[in-house]
Every structure is written in C-alpha cells, then in structure tokens.
K.L.:
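Sharing a structure, written as structure tokens. Questions coming.
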Amino acid sequence: MKTKQLLLGDEALALGAIYGGLSGAYAYPGTPSTEIMEFVQNNALAKERKIHSHWSSNEKTAMEEALGMSFCGKRAITSMKHVGLNVAADPFVNSAMTGANGGLLVIAADDPSMHSSQNEQDSRFYADFAMIPALEPSNQQEAYDMASYGFALSERLGVPVLTRLVTRLSHSRAVVETENDPLPENKLHYPVNPKQWVLMPAMSKIRNKNLIAQQEDFVKASEASPFNKYEEGHDHRLGIIVSGIAYNYLMECFDGKCPFPLVKICQYPLPASMLQRLYNSCDALLVLEEGQPFIEGKLLGLSTSGKKIYGKYSGNVVRDGELNPDLIAEAIKTIIPAPEGLKEFKVEDSSEIIAPRPPMLCQGCGHRDVYSALNKALESYESPKVFGDIGCYTLGFLKPFNAIDTCVDMGASITMAKGAADAGQHPAVAIIGDSTFTHSGMTGLLDAINEDSPILVIISDNLTTGMTGGQDSQGTGKLEEICIGLGADPKHVRTIDSLPKNHDEMVKLFCEEIDHKGLSVVISRRECIQTARRHASKK
C-alpha cells in the first residue's frame, strides 16, 4: 500500500533515502540543496531510527564522512549545491577509486539561471570525469524512486552514484506516491577487499584498471534502467534526446504526445544502443538538456555520418539559464516549422506585472552596522580594498553600502586579502561570516598567521548560517579560541558587538587594527535578526 504526499523535489529524494534504508546524511547548506538535510532532520522515522543527520563544516568533510559510513556497509547520502561539489571534488573523484561498500549517493543540486550562485556549472561532468554512474530525475516521483534504486545500484556496481537535481525540481512541489514499509538499515559490514580503500599508487593502478573495465557494465545498467526509455513517434524528420526536467517541458509542449521518436535519459553513462537506434531511424537529432551541452557534446564527438545534431552548440536551444516549455517549443519550430500537436503558448514575462524587489540586508542585521563602521573607517585611507566572501553579507556590495570589491568563492576573502597585501596593497581588509570561516576560511587565516600578513580580517558573526535559513554554525562560541589556537596574536584578536550604539567604537577599532603592522582579526558579533525572532517566538 502506498501513501500520496505533496513534496518538494528535495524532500522527495530525502524521503526516498530514508525509506531506502538510510543510516547517515551529511551536508553543508547551499541553495537549492538545503531542504534535503532539513527534511531528514525533521522526519519522524529518521528520528525514530536515530539516523545521523548533522551539518558538516563543509562539503569536503561531508563527502568524507559519508564515505566513512559507506566503508562500514551502511547507506549514506551527502548533499550539496553544485559549487559545493567543487569543494568536495578531491574525495568525490577518489571515491570512484575506493568504491562504495554501503550504498552511497552524492547529491548535487545545480542552479541554472544562477538564482543564488556564482556560476551555472553542470554536475554531470563530474560524474563523467570520475567515471561513475549518475541519476537525473525528471520529476519529484522519480526523485523519490531514485533514492532506493540508487542505493541498490551503488552496492551492486560497488561505486558511489551521483544524483543531480536542478533548482526548478528541487524547489517545486508535486504529489508523490510513497511506500509505507521502509527498508531496514544495513547491518555493519566491511569491504571484501579493504586494500582497495588505501589509495597508494600500487593499489590505485589496479583500481583504475578495474574502474575502466567496469564502464561497459555501467552502460548496460543505463540501458536496463527503468528511468531511461525509448518512445516511438511517427514523424521521423526529427529524433529528440531529452534529459531530466527537460522531459517534462517537452511533454507539456505536446500534451504528453510527442510526434517525434525520443530517448529520455535520466541515468548515465549514456544508453548507447537507444541512442544508436534513434540516430539510425531519424533524419536529424535535437538534444534538450537542462544545464550545459553535456549529451550534445558527446554526440557531436561520435557523429561521423553527417546527420545534423541540433541543440545548444548549434544555437537552436539557448545555452544559458533555465529551459521552459516555450523555449523548447521555439527550438523545435526552428527545425520543423509546423510540428504536429505543438501547443501555442507563451510564458508570461513577470517583469511587467511584478515590481522588482532587489535583494538587501535585513533591517536590524548586524552586517549593516559592520559595513557602516567599516566604510567610515576606510574614508581616511587612500585606495582601500575590501575582499568579500559568500554569505548574506555579500549584499554589502550593493547600495547603500557599496562596501566590497571582490567575491569569488567560499573562503577567498582572507586568501585574496593576503595575496593583495603580498602585492603591496594597504589597507587590505577581508570580511567573512562565521559559518564561511569554519567552512574554508581557517586555512587561509593560517597562511596569513604564518607570515603575519598586514591584513585586517573581520569575522561578522551572526551565530548562524544565515543565508540558507539559519542552520547551525560550526564555530558558534569558539571563534576567538579557533583564531588564537591557529596562532593569531591574542592582542590582535578582538571582539565587539555590532550594534548601532557601538558605531564610533567599531570605527576606532577598525582603524587601530588596520594600522597594526601585521595580522589582525576583529570578530563583530550580533545574532541574525531572523533567528533571533524565531528564538523569541519559541520562548
């Protein structure tokens, strides 16, 4: 018997993992992946089973912790946004060499259109680079079903499985049929060949050959996958290859009855025989995929007979941003001018009916007071530079503060400020949040400590991971001890409450530490106004 639930794509995947015998969830918050961990943490069955679900310091530690649970035979997930997979890339790629013992799903939530991200990278390339299978659900039901399937696939093939979501799927709801009888958790058991988990060159060479030899099995698994399918059509002027959520958009264009033959791809590597069948039976091919032209690039590399392959490289499909039914309809009409059954519709341009609402720091936010004081302090210096970081305080770049000069990736504020100081820049100021500092700022600070670099590091501590909804911050209550423990001079690790009444004192403090001929750390502390309100309401 099954139950119907209305779930986000993130929630569907998380619930599927719980019902699929999950023992541990590891993550660092990042839109659009955050709700996966939050769902596990709040789920009744997960609490009853005492499934481990604690936020990790960053994506690399989350990946390694999940790999450790897999080593012990248990099923684990690690979830992150696409740029978080960059942080986890070292253990992720090497996990293909160690293999998996308990089922291991690495969930990457991509962000086409960059709703809250620095880039539009496509995580499918990581799976291809690591030579492991990948899953890409086209809807919430498949996200749920793929969790248990992915665990079993991981254990059968002996490797981790990447699961790729995109923003529109992660953050939209649909009715999902769920099981009422969850699978039991795996019992503790260890790898049959534990030596392969020691990646010394002699063992890695063996594992690399084995992984290459497994590629044919991975392709066969894709051919047999319930999520990949060949759909017949009567109009062979065009064959369509469509992946993930783009399948839904295509079906909407034709009310679920596409006249063209198509291959739906939701499991990788590419199902070669399905694609060959489509290629042989159609005059030309159109590739529809959310993100970068991953499938299209592979087909162009294999094509030798001269049949035209349309897609993002050809310019028929837009290469940036998200797809939608209208964009897909327009792409098809550039190839087949009057396709049978194509709906005529236009996605409304919301910009004409919705007033713009630019992002801004919350009223009452302590970051506001930090930027106000910092701008005042820097008025007396010639050509000061402020190196920013990833968090809600990145909004200090915008009006009215216009306070930061760079923002590249998590932790880059401190290291870029150090590099600028090495080049002779003064003042060189880094501003970083408490959660970002423990994510990837500590190693950069250690570099600056070791050379006593003449930079000011401001850790704007709001006692939470504010940008993604107020998750726990790993450094809460420990930042001073961490900085001093790394070797910072205690006389120049100073703390102040970032309150309006302390404005003049903050200006004075910033100036004093900028003028110090070495490394200074100022921890400006004030609880996030949103979490403070939630705490107050609970009381």
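Computed from a prediction, not measured in an experiment: that's the story for all the values here.
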K.L.:
Write down the atom of Pro427, the atom of Ile514, and the distance for their closest heavy-atom approach.
P.N.:
CB-CG2, 3.7 Å
K.L.:
Which is it for Ser460 and His367 under the side chain to side chain donor-acceptor pair (under 3.5 Å) test, yes or no, and what are the steps along the way?
P.N.:
CA-CA 7 Å; Ser460 192; His367 299 321; 2.6 Å; yes
K.L.:
Do Glu179 and Thr3 have side-chain N/O donor and acceptor atoms under 3.5 Å apart?
P.N.:
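Not at all, the side chains of Glu179 and Thr3 share no donor-acceptor pair under 3.5 Å.
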K.L.:
Is there a donor-acceptor contact under 3.5 Å from the side chain of Glu120 to the main chain of Gly321?
P.N.:
yes
K.L.:
Taking the six-membered ring where the residue is Trp, are the ring centres of Tyr26 and His52 under 6.0 Å apart?
P.N.:
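Under 6.0 Å, so yes.
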K.L.:
Is a donor from one side chain sitting under 3.5 angstrom from an acceptor on the other, for His439 and Gln474?
P.N.:
no
K.L.:
Are Phe92 and Leu85 side-chain neighbours, meaning at least one heavy-atom pair lies under 4.5 Å?
P.N.:
yes
K.L.:
As an exercise, state the distance from CG of Asp389 to CD1 of Ile459, rounded to the nearest 0.5 Å.
P.N.:
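CD1 of Ile459 is found 11.0 Å from CG of Asp389.
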K.L.:
Give the minimum heavy-atom separation between Leu486 and Met442, together with the two atoms involved.
P.N.:
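Scanning both residues, the minimum pair turns out to be CD1-O, 3.8 Å.
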K.L.:
Hey, what do you get for OG (Ser33) to CD1 (Ile107), rounding to the nearest 0.5 Å?
P.N.:
9.0 Å
K.L.:
If you define the side chain from C-beta out and look only at heavy atoms, does anything of Glu136 sit under 4.5 Å from Tyr247?
P.N.:
no
K.L.:
Does either side chain, that of Gln121 or that of Asn119, offer a donor lying less than 3.5 Å from an acceptor on the other one?
P.N.:
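The criterion, which ignores hydrogens and geometry beyond distance, is satisfied for Asn119 and Gln121.
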K.L.:
As an exercise, state the distance from CE of Met69 to CG of Asn101, rounded to the nearest 0.5 Å.
P.N.:
12.5 Å
K.L.:
Would you indicate whether Asn180, at its atom CG, is surrounded by more than 12 heavy atoms from other residues, nucleotides or ligands within a distance under 6.0 Å?
P.N.:
yes
K.L.:
Between Glu185 and Ser23, does any side-chain donor sit less than 3.5 Å from a side-chain acceptor?
P.N.:
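Per modelled atom types, Glu185 and Ser23 side chains form a pair under 3.5 Å.
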K.L.:
Out of Lys478, Arg525, Arg526, which residue meets the salt bridge (Lys or Arg N to Asp or Glu O under 4.0 Å) rule with Asp461?
P.N.:
Arg525
K.L.:
Crowded around Phe397 CZ? As in, over 12 foreign heavy atoms under 6.0 Å?
P.N.:
no
K.L.:
Indicate whether the side chain of Glu480 and that of Thr495 have a donor and an acceptor atom separated by less than 3.5 Å.
P.N.:
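The criterion, which ignores hydrogens and geometry beyond distance, is satisfied for Thr495 and Glu480.
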K.L.:
Drop me the distance from Tyr393's OH to Tyr371's OH, to the nearest 0.5 angstrom.
P.N.:
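Here the interatomic distance stands at 7.5 Å.
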K.L.:
Are the side chain of Ser79 and the backbone of Ile36 linked by a donor-acceptor contact shorter than 3.5 Å?
P.N.:
no
K.L.:
Evaluate Thr178 against Gln5 for side chain to side chain donor-acceptor pair (under 3.5 Å), listing each step before the verdict.
P.N.:
CA-CA 7 Å; Thr178 64; Gln5 299 188 47; 3.2 Å; yes
K.L.:
If we ignore hydrogens and angles and just use 3.5 Å, is the side chain of Thr436 paired with the main-chain N or O of Ile390 as donor and acceptor?
P.N.:
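Yes; at least one donor-acceptor contact below 3.5 Å.
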K.L.:
Just by modelled atom types, is the Arg168 backbone N or O under 3.5 Å from a matching donor or acceptor in the Ser172 side chain?
P.N.:
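Yes: the side chain of Ser172 pairs with the backbone of Arg168.
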K.L.:
Assess the residue pair Asn186 and Glu155 against the criterion (side chain to side chain donor-acceptor pair (under 3.5 Å)); give the C-alpha distance rounded to whole Å, side-chain angles, the decisive distance to 0.1 Å, and a yes or no.
P.N.:
CA-CA 11 Å; Asn186 287 356; Glu155 290 170 355; 2.9 Å; yes
K.L.:
Whether the side chain of Glu481 engages the backbone of Cys483 through a donor-acceptor N/O pair (distance < 3.5 Å, no angle test) should be reported.
P.N.:
no
K.L.:
Do Glu505 and Leu509 touch side chain to side chain, with heavy atoms closer than 4.5 Å?
P.N.:
no
K.L.:
Do side-chain atoms of Ser154 reach the backbone of Leu104 as a donor and acceptor pair under 3.5 angstrom?
P.N.:
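Yes; judged by distance alone, with no hydrogens or angles, the pair exists.
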K.L.:
I'd like to know if Lys60 pairs up with Asp90 as an ion pair, taking the criterion as any Lys NZ or Arg NE/NH1/NH2 lying under 4.0 Å from an Asp or Glu carboxylate oxygen.
P.N.:
no
K.L.:
Looking only at heavy atoms, what is the nearest atom pair of Asp405 and Pro384, with distance?
P.N.:
OD2-O, 4.1 Å
K.L.:
Taking Asp122 for the side chain and Gln292 for the main chain, is one N or O donor matched with an acceptor at less than 3.5 Å?
P.N.:
yes
K.L.:
Side chain of Asp434, backbone of Thr464: donor and acceptor closer than 3.5 Å?
P.N.:
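Checking the backbone N and O of Thr464 against the side chain of Asp434, a donor-acceptor pair under 3.5 Å is found.
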K.L.:
To check you understand the geometry: which heavy-atom pair defines the closest contact between Phe151 and Gly20, and what is its length?
P.N.:
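Closest approach of Phe151 to Gly20: CD1-O, 3.6 Å.
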K.L.:
Using a strict cut-off of less than 4.0 Å between a Lys/Arg side-chain nitrogen and an Asp/Glu carboxylate oxygen, indicate whether Lys508 and Asp504 qualify as a salt bridge.
P.N.:
no
K.L.:
Go through the steps to decide whether Asn58 and Ser440 satisfy the test side chain to side chain donor-acceptor pair (under 3.5 Å), and finish with yes or no.
P.N.:
CA-CA 7 Å; Asn58 64 27; Ser440 53; over 6 Å; no
K.L.:
Using modelled atom types and a 3.5 Å cut-off, is there a donor and acceptor pairing between side-chain atoms of Tyr144 and backbone atoms of Ala17?
P.N.:
no
K.L.:
Between Asp110 and Arg124 (salt bridge meaning N to carboxylate O under 4.0 Å), is one present in this structure?
P.N.:
no
K.L.:
Side-chain donor-acceptor pair under 3.5 Å between Thr468 and Gln471, yes or no?
P.N.:
yes
K.L.:
Closest heavy-atom contact between Leu456 and Glu513?
P.N.:
CD1-CB, 3.9 Å
K.L.:
Just how far is it from atom CE of Met360 to atom CG of Leu398, taken to the nearest 0.5 Å?
P.N.:
10.0 Å
K.L.:
Could you give the distance from CZ (Arg494) to NE2 (His516), rounded to the nearest 0.5 Å?
P.N.:
10.5 Å
K.L.:
So, does Lys81 use its side chain to make a donor-acceptor pair with the main chain of Tyr28 at under 3.5 Å?
P.N.:
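Judged by distance alone, no pair lies under 3.5 Å.
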K.L.:
Are Glu451 and Lys418 within salt-bridge range, i.e. N to O under 4.0 Å?
P.N.:
yes
